[in-house]
Amino acid sequence: MPEKILVVEDEPSLQETLAYNLKKQGYEVEAAGDGRLALEAARARTPDLIVLDIMLPGLDGFEVCKILRKEMTVPILMLTARDDEIDRVVGLEVGADDYLTKPFSMRELVARVKAQLRRTELVRAELERLKIAEPETPHKTLVFTDLSIDQTRREVTLGGEVIPLKPQEYDLLVFFAEHKGQMLSREFILERVWGWDYVGDSRTVDVHVRWLRQKIEKDASNPQRIVTVRGGGYRFEG
Ligand code: CA
């Protein structure tokens with residue numbers, strides 16, 4: 001089944017060019033010319049990806065993106081005409097997955113679309129592999145010998161001493177702890193801990209793992225708790 005892409009652009013010639021080039025890649029393409037039609041199409045067709053222009057009549061791309069973010073986890077690639085829009089595009093409030101600044105080449109657009117869809121596919125496959133279930137008791141304390149994670153207080157102790165962790169370090173540690181013994185790829189960790197509204201790359205994960213190791217490993221240069229899986233990602237050993 002071809003992947004479905006929703007193209008939202010009010011300028012007819014650009015809408016047509018986008019649709020033509022994406023269809024040529026084998027995607028099923030639907031187009032919408034304003035924000036309200038975009039919302040309707042997204043809800044009715046559940047596309048695999050949305051290409052969303054910011055400047056639209058009526059409801060603009062920012063508004064459309066914010067609304068869709070609350071309703072579905074579809075990757076959104078935004079088209080901006082001005083550099084000063086980029087901060088808003090990638091900011092938490094709007095939270096696009098990626099953006100292109102006009103003018104851009106169709107080759108660039110197709111490459112970005114493919115990258116986003118690959119990322120979605122990776123996460124889907126890994127979810128399937130791990131068969132992640134919602135934790136039954138979300139606020140329990142996780143204990144691994146001398147390391148203890150109190151989820152009610154969001155507090156981590158090592159040998160009885162409280163370890164100060166930044167929020168992202170804490171979330172990352174809990175994610176590891178909930179998947180003890182499982183190999184977790186950087187991409188997957190990025191998606192699950194940082195989420196869809198995060199624009200970044202997997203080096204973010206490496207940096208945070210390094211910080212965590214300095215805080216919870218006896219010897220950060222020879223980690224025993226968070227081990228690196230060659231060519232894969234990380235595995236939490238407990
Ligand atoms: Ca436009």
Side-chain angles (χ1 to χ4, degrees), residues 1-124 187 190-204:
M1 271 239 304
E3 284 156 309
K4 284 180 282 181
I5 298 178
L6 173 62
V7 170
V8 187
E9 168 63 67
D10 59 319
E11 207 180 300
S13 64
L14 182 53
Q15 186 195 90
E16 204 173 301
T17 309
L18 289 166
Y20 171 79
N21 280 277
L22 290 168
K23 277 181 192 158
K24 218 168 66 177
Q25 296 294 320
Y27 299 119
E28 196 183 306
V29 180
E30 185 165 351
D34 68 49
R36 300 221 172 267
L37 290 173
L39 289 177
E40 272 172 34
R43 286 167 185 151
R45 306 292 308 275
T46 54
D48 297 292
L49 182 138
I50 299 174
V51 176
L52 178 61
D53 188 35
I54 290 177
M55 293 298 287
L56 295 168
L59 211 55
D60 69 12
F62 288 126
E63 294 304 319
V64 172
C65 190
K66 276 194 276 184
I67 294 166
L68 290 178
R69 270 286 164 267
K70 294 192 188 117
E71 298 180 13
M72 52 188 87
T73 54
V74 60
I76 297 176
L77 172 60
M78 290 194 95
L79 308 180
T80 84
R82 305 198 324 251
D83 283 341
D84 60 1
E85 287 169 336
I86 292 168
D87 284 355
R88 264 194 91 192
V89 168
V90 300
L92 286 179
E93 185 209 6
V94 174
D97 294 276
D98 201 358
Y99 64 88
L100 277 171
T101 308
K102 292 178 180 178
F104 51 83
S105 70
M106 284 301 138
R107 181 190 293 199
E108 179 68 9
L109 174 95
V110 167
R112 298 293 186 89
V113 164
K114 282 187 176 165
Q116 281 303 323
L117 289 172
R118 202 159 46 229
R119 200 161 110 167
T120 315
E121 192 43 51
L122 264 174
V123 171
R124 234 177 245 156
E187 282 287 334
L190 194 66
E191 291 292 352
R192 301 302 289 187
V193 176
W194 277 263
W196 287 102
D197 49 12
Y198 184 76
V199 177
D201 65 39
S202 53
R203 274 169 299 189
T204 306

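Start at 1 and go down the list; that is how both ligands and their atoms are numbered.
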For K66, is there an ion pair with E63 - N to carboxylate O distance below 4.0 angstrom?
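A salt bridge links E63 with K66.
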
Is there a donor-acceptor contact under 3.5 Å from the side chain of R36 to the main chain of L59?
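No, R36 side chain to L59 backbone: no donor-acceptor pair under 3.5 Å.
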
What N/O/S atom of [X] gets nearest to the Ca ion (ligand 1)?
X	result
D53	OD2
E9	OE2
D10	OD1

Run the salt bridge (charged side-chain N to carboxylate O under 4.0 Å, His left out) test against E16 and tell me which residues pass, sequence neighbours left out.
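With sequence neighbours excluded, E16 shows a salt bridge (charged side-chain N to carboxylate O under 4.0 Å, His left out) to no residue whatsoever.
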
With sequence neighbours left out, write down each residue that passes side-chain contact (heavy atoms from CB on, under 4.5 Å) with L122, or none if nothing qualifies.
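L122 satisfies side-chain contact (heavy atoms from CB on, under 4.5 Å) with E187 only.
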
